[in-house]
Structures are given as C-alpha cells and as structure tokens.
S.K.: 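The following block contains the structure, expressed as structure tokens.
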Amino acid sequence: MARSRRYWLMKSEPDVFSIDDLRKQKRTSWDGVRNYQARNFMRDDMQVGDMVLFYHSNAKPPGVAGIARVCKAAHPDHTALDPKSPYYDPRATRDNPIWMMVDVEFVEQFPGVVALDRLKRERALKDMLVVQRGMRLSVQPVERAHFERVAAIGKQETG
DNA sequence: GCCAACGTTGGC
DNA sequence: GCCAACGTTGGC
C-alpha cells in the first residue's frame, strides 16, 4: 500500500521561475537544486501526489505564492551535465549525475502572496522550518497541519 | 547593497 | 578529522 501523501515547501526566485510561469506552462522539472540535503529529500522522500507550497524567495515580499503537486519522482538533473547551464557541475557524469530533480505541476495560485512576515506572525506556524532564523534549505518538509493553515490563509488573501 | 547564517572546500 | 577561508543564500 502506498504511503500517505507528504507535504513540502520549495523555494524559487520569481525572477528565475515564478508561480506565474508554472501556471502558464502547467508543469516543470525542478532543476538547479545543488544542495545535498535538498536533493536527498527529493530523491528519497518525494513521491507523486505529494503537495508543495511554492515559495518565492528573494522577492518583495518573500512568501508562499501558491500550491503545486509532485507529478514525477526524482530523476537525473541533466542541467548538471551541460557546460552552458548555470547549474553545470563538472563532477557530474551520465553514470553518476549527482543531482536529481522532480517534476511538479501547477495546482493553485493564491490571490496574493502569503508573506513570510505573515507566516512569522501566526502562532500556529511558529515551528515551520521556513520561519526559522537562518533557514535557507530550498526543499523542506512541511507538516500537514502547517500546509493546511498556509493554504487557508492563501485562499483568503486578497493580494 | 549589506551581511548573518550556513554549506563546502581544502590544507594540514 | 579539524577548522579557517571562501562562496552562497536570502532576508532586510
């Protein structure tokens, strides 16, 4: 029997790839992750059907912009093999790609971004990783209750 | 643009 | 294996 659905938060700089981009193109390969802990979450723990909070980092304001869903489990991130890619890693080979990515599909864009600021003011979210000081992991597990809370706030944000 | 916090690298 | 130096992330 399949394990139950898990919940995640994934960061993207909207100047590079935003929730608008995901909405328009419906799905994407989450390439460019170059951190082992983040990779391991994708490779070992993410499964098709898992839900994702799409977080805009380096944005004004930073925050959760919408929801996505994992639609393909981890597979090699070929951008590591491409010398022209900003994500090129000379250590990567076809036999040992080192870096992995999952594919995600668009689910929902909130009317307005749920700002990090707002998340920090929610008592119920005080243990969420993303609100912890110095937390820069770009792929994070999220508790279901936290996911539901952020989604509820997002649906009522007017922007 | 600043810089604190964090992750990685490499000399020893 | 330690840890200083360096590079990156990402909020502010």
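Order of the sequence lines sets the chain letters (A, B, ...), proteins ahead of strands, with each chain counted from 1. These values consider heavy atoms only, across backbone and side chains, with no hydrogens, waters or symmetry-generated copies.
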S.K.: Return the value, rounded to whole Å, for the distance between atom NE2 of H56(A) and atom P of dT9(C).
M.R.: 17 Å
S.K.: Whole angstrom is fine here: how far is it from OH in Y36(A) over to P in dT9(B)?
M.R.: 6 Å
S.K.: I need the OH-P distance between Y55(A) and dG10(C), as an integer number of Å.
M.R.: 8 Å
S.K.: Between C1' on dG10(C) and CZ on R136(A), what's the gap in Å once rounded to a whole number?
M.R.: 9 Å
S.K.: Please report the distance, rounded to the nearest Å, between CG in N35(A) and P in dT9(C).
M.R.: 9 Å
S.K.: Taking W99(A) as the fixed residue, which of D77(A), D31(A), D89(A) is the one that meets the side chain to side chain donor-acceptor pair (under 3.5 Å) rule?
M.R.: D89(A)
S.K.: Where the side chain of Q37(A) is defined as all heavy atoms beyond and including C-beta, which of dG7(B), dC12(C), dG10(C) is the nearest nucleotide?
M.R.: dG7(B)
S.K.: In whole Å, I'd like the distance from the CG atom of D89(A) to the P atom of dT9(B).
M.R.: 9 Å
S.K.: For the side chain of H146(A) and the backbone of A124(A), is there at least one donor-acceptor N/O pair under 3.5 Å apart?
M.R.: yes
S.K.: Evaluate the ring planes of F17(A) and W30(A), with Trp represented by its six-membered ring, and classify them as parallel (under 30°), tilted (30 to 60°) or perpendicular (over 60°).
M.R.: perpendicular
S.K.: If each of M135(A) and R91(A) is mapped to the nucleotide of DNA chain B with the nearest heavy atom, which maps nearer the 5' terminus, i.e. the 5' end?
M.R.: M135(A)
S.K.: What's the CD-C1' distance between E13(A) and dT9(C), to the nearest Å?
M.R.: 8 Å
S.K.: Under 3.5 Å, is there a donor-acceptor pair between the side chain of R118(A) and the main chain of I153(A)?
M.R.: no
S.K.: Is there a side-chain contact between K11(A) and the phosphate of dG10(C), meaning an N or O under 4.0 Å from OP1 or OP2?
M.R.: yes
S.K.: CE of M10(A) versus P of dG10(C): gap in Å, rounded?
M.R.: 13 Å
S.K.: Describe the nucleic acid contact of K120(A) in one word from base, sugar-phosphate, nothing, applying a heavy-atom distance below 4.0 Å.
M.R.: sugar-phosphate
